[in-house]
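One structure is given below, encoded as structure tokens.
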Amino acid sequence: MVSLQSLTRSQLEAVLHKDGPLLVIAGPGSGKTRVITNRIAALVDSGVKAGCICAITFTNKAAEQMRYRVESMAVCRGVHISTFHSLCVRILRQYGQLAGINGNFSIYDEADQRRCAKHAVERAKLDGKQFAAAKVLEYISKLKNDLVSPEDFAGSADDYFRKCIARIYSHYQAVLAENNALDFDDLLVKTAYLLRDHRMVMEELNNRFRYLLVDEYQDTNHAQYQIARGMSLLHGNICVTGDPDQSIYAWRGADIGNILEFELDWPNAKVVRLEENFRSTPNILGVADKLISFNTERKIKKLVPVIQKGCDVETGVFEDEQAESESVADGIANLLKNGTSPAEIAVFYRVNSMSRMLEEALVLRQIPYQIVRGIEFYNRKEIKDLLAYLRLIANPADNGAFLRIVNEPARGIGKISLERLEIFASKHKMSLYSAVEKIDKIENLGPAVRLKLRAFAAMIEKFKQMTKKPVAELMEHVFQQSGLVDGLEREDSQGHSKASAVENVEELISSARKYDELAKDTPQAGLVDYLQQIALYSDTDAYDPSSPKVSLMTLHAAKGLEFDNVFIVGLEEGLLPHQRSANDNRSLEEERRLFFVGITRARKSLAVSMCRYRTIHGISARTIPSRFLFEAGLKVRDSEKRQVENKINDFKYDDADSQICEYDDSQERLFVKNELVSHQKFGLGRVQEFHNLGENSIVVVRFISGKTKPLMLKYTNLTKVR
DNA sequence: GTGAATCATCTTTTT
DNA sequence: GATGATTCAC
């Protein structure tokens with residue numbers, strides 16, 4: 001335990017507040033983590049049993065880190081620390097039967113969900129093109145996050161589209177139930193309902209966890225809010241920590257209102273504000289502060305710097321992403337040369353696809369890096385295939401798993417045969433797997449296919465007998481016996497075997513071995529538990545703070561982390577703020593917070609950059625500097641070194657003042673919403689937004705093609721149509 | 001009926 | 001540039 005003397009007065013207040021609701025509004029770098037761990041220690045110190053404390057974090061990784069910190073204080077061993085989703089899995093396995101949930105449920109990932117959604121659209125007899133799976137799922141997910149059931153929604157849906165969605169939603173839930181599967185959102189939804197509808201569950205959980213702690217509370221959605229509330233209803237010992245300015249998950253249903261209205265919900269709540277910043281230099285904080293002040297929906301909060309002045313935030317403008325990447329890599333190489341540890345350097349970007357160029361530049365300079373969530377490990381084909389075998393073994397009702405592997409490796413069981421199997425299964429309301437057991441009753445199947453399907457089922461039955469063995473052993477066995485390994489080792493037409501795929505599977509098996517080791521003494525250990533855990537594991541969790549590597553990650557993944565030196569790339573309109581968020585003010589403010597989060601990760605140095613041209617979807621296009629650069633007061637100037645003298649570029653970004661007078665100030669340069677305009681390349685369009693930023697004014701135009709584009713007035717030839 | 005090959009489509013962020 | 005749907009050759 002850190003000596004209490006080293007805490008500030010407000011930190012101390014939060015640490016020592018024992019009973020009753022507590023809201024900690026903690027700005028970036030304000031020592032929140034320290035407060036949480038010390039508060040847990042203080043609770044245990046005052047006689048609370050460690051097992052009665054439950055801390056909920058946002059990511060598995062955060063849980064792991066907190067577990068590490070808390071358990072390093074020996075008395076605190078036994079505190080329950082997990083994410084909402086893991087906690088829900090545990091609750092559902094224990095109490096799920098009350099809501100008709102079989103304990104060995106599968107957890108469906110995006111691909112499985114898409115399949116179910118398609119199925120649901122079919123059953124609702126609607127057009128799969130008009131109701132694309134991704135769109136439908138997005139809608140359903142929103143409903144679930146708000147705890148709106150299919151019945152509720154069917155009752156309130158008043159237009160055609162919503163009525164259709166309501167039908168699909170209800171079919172979708174039926175499909176999931178048939179597969180004995182829950183999707184990510186269901187984990188929360190079912191738990192919230194369990195707490196609401198079964199007083200016994202609520203009481204038991206309240207008695208078990210006398211103290212509840214929720215971190216990153218600004219990013220909780222309504223379902224999570226209800227779960228947290230239900231779990232502390234009887235004792236009221238709920239402590240939430242977070243920062244409204246760092247809410248970046250509204251798109252996933254996070255409700256910033258949860259934190260803003262905590263005091264309404266718990267009128268006797270104590271509120272502590274941590275506004276001092278022990279992390280960043282005043283230079284960095286100044287930029288963050290200026291930027292975030294452009295947001296209207298916020299509680300005014302100052303960032304009070306504590307540490308001394310450092311160097312200024314650098315802004316680079318580059319020709320294209322290659323030049324940008326090289327400059328970043330050079331900058332990193334320089335830092336390393338001066339003795340900085342690679343673990344203290346990070347590069348952030350808005351979208352995952354932007355990592356490629358950076359990687360190339362780093363590889364070239366032999367700089368070690370780790371990429372947080374690159375091509376996701378658990379999304380690889382070979383991994384999903386093997387896991388699908390295990391899923392089917394654990395949960396024979398899992399049609400998704402069945403379809404994935406019944407012909408993987410190829411066994412000569414084709415689409416048409418499977419269609420017939422599916423028709424039979426749905427007619428008799430059974431799973432595909434049990435339909436195979438009744439295969440003699442199915443008409444229209446060739447004798448060869450019958451034989452093949454029977455052999456497949458026999459193989460799965462054999463695997464089933466091994467489920468008591470350690471997961472790693474079973475996995476190894478399945479990998480060998482299923483024929484997957486042969487498929488991967490066999491050389492393809494170009495003479496390459498998929499050695500890396502085999503390596504990936506080996507990695508999976510060794511991680512299963514680790515699981516067997518760690519879980520062997522817990523009562524729930526086994527195949528089902530393993531699969532349920534792994535389903536919640538994302539590659540974000542692969543980030544290892546102790547390894548001496550430069551970190552590359554999205555701005556979202558950067559939440560909760562800090563580094564001495566930070567690079568943020570791609571400060572361009574359409575990218576940051578992202579195109580799809582530029583339409584309404586709320587998501588624009590979220591983009592601003594996203595940049596804010598990125599900025600405030602940096603302790604000593606921060607460099608942001610943009611490109612004049614960026615290649616998106618194979619086409620290189622002229623970009624517009626992000627409005628956030630101007631808002632943050634960042635001077636955009638050419639970085640001299642890497643500039644290619646290009647006469648075609650009839651403009652320069654440097655020293656904005658020098659070019660104010662490049663165009664006259666007439667009314668021609670002021671636009672209003674819905675005004676008709678014409679662009680020499682894109683044609684006719686209507687003004688959607690106009691941001692009057694002087695010479696940096698931005699017009700967002702929806703063109704006749706249906707595309708909406710942000711344009712920087714000074715570089716575009718936009719004329720009014722009268 | 002099966003499996004490979006081509007074509008078309010969409011591409012933000014994540015538990 | 002990956003994923004799924006469709007086509008095409010066996």
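Within every chain, numbering begins at 1; the chains are lettered A, B, ... in the order of the sequence lines, protein sequences first and strands thereafter.
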Would one find a side-chain N or O of [X] under 4.0 angstrom from OP1 or OP2 of [N]?
{"X": "Asn407(A)", "N": "dG3(B)", "answer": "yes"}
{"X": "Ser353(A)", "N": "dT11(B)", "answer": "no"}
{"X": "Lys118(A)", "N": "dA5(C)", "answer": "yes"}
{"X": "Asn352(A)", "N": "dT13(B)", "answer": "yes"}

Next on the checklist: Determine whether the aromatic ring centres of residues Phe456(A) and Phe402(A) are separated by less than 6.0 angstrom.
Outcome noted: yes

Notebook entry, point to check: For Glu110(A), does the CD atom have more than 12 heavy-atom neighbours from other residues, nucleotides or ligands under 6.0 Å away?
Noted result: no

Rounded to the nearest Å, what distance is computed from the [atom1] atom of residue [X] to the [atom2] atom of nucleotide [N]?
{"X": "Glu419(A)", "N": "dA5(C)", "atom1": "CD", "atom2": "C1'", "result": "13 Å"}
{"X": "Glu64(A)", "N": "dT15(B)", "atom1": "CD", "atom2": "P", "result": "13 Å"}
{"X": "Arg115(A)", "N": "dA5(C)", "atom1": "CZ", "atom2": "P", "result": "12 Å"}
{"X": "Arg114(A)", "N": "dT9(B)", "atom1": "CZ", "atom2": "C1'", "result": "13 Å"}
{"X": "Phe58(A)", "N": "dT13(B)", "atom1": "CZ", "atom2": "C1'", "result": "10 Å"}
{"X": "Lys559(A)", "N": "dT14(B)", "atom1": "NZ", "atom2": "C1'", "result": "10 Å"}
{"X": "Glu138(A)", "N": "dT13(B)", "atom1": "CD", "atom2": "P", "result": "13 Å"}
{"X": "Asp112(A)", "N": "dG4(C)", "atom1": "CG", "atom2": "P", "result": "11 Å"}

Do Leu195(A) and Arg229(A) make a side-chain contact, defined as non-hydrogen atoms from C-beta onward lying under 4.5 Å apart? no

What I'd like to find out is whether the side chain of Trp251(A) reaches to under 4.5 Å of the side chain of His556(A), using heavy atoms alone.
yes

Looking only at side-chain atoms of [X], point me to the closest of [options].
{"X": "Arg580(A)", "options": "dT11(B), dT15(B), dT14(B)", "result": "dT11(B)"}
{"X": "Ser417(A)", "options": "dG1(C), dT2(B), dT13(B)", "result": "dT2(B)"}
{"X": "Arg356(A)", "options": "dT2(B), dG1(C), dT13(B)", "result": "dG1(C)"}

Of Gly412(A) and Val351(A), the one whose closest nucleotide on DNA chain B sits nearer the 5' end is Gly412(A)

Assign each of Val449(A) and Phe84(A) the nucleotide of DNA chain B bearing its closest heavy atom; nearer the 5' end lies the nucleotide of Val449(A)

Pick out the pairs of N or O atoms, protein on one side and nucleotides 7-10 of chain C on the other, that lie under 3.5 Å.
none

Side chains of Tyr249(A) and Asn221(A): any donor to acceptor distance under 3.5 Å?
no

The side-chain contact (heavy atoms from CB on, under 4.5 Å) partner of Met231(A) among Val214(A), Ile238(A), Leu212(A) is Leu212(A)

Self-check item: Salt-bridge criterion met for Arg586(A) and Glu589(A) (N-O under 4.0 Å)
Solution: no

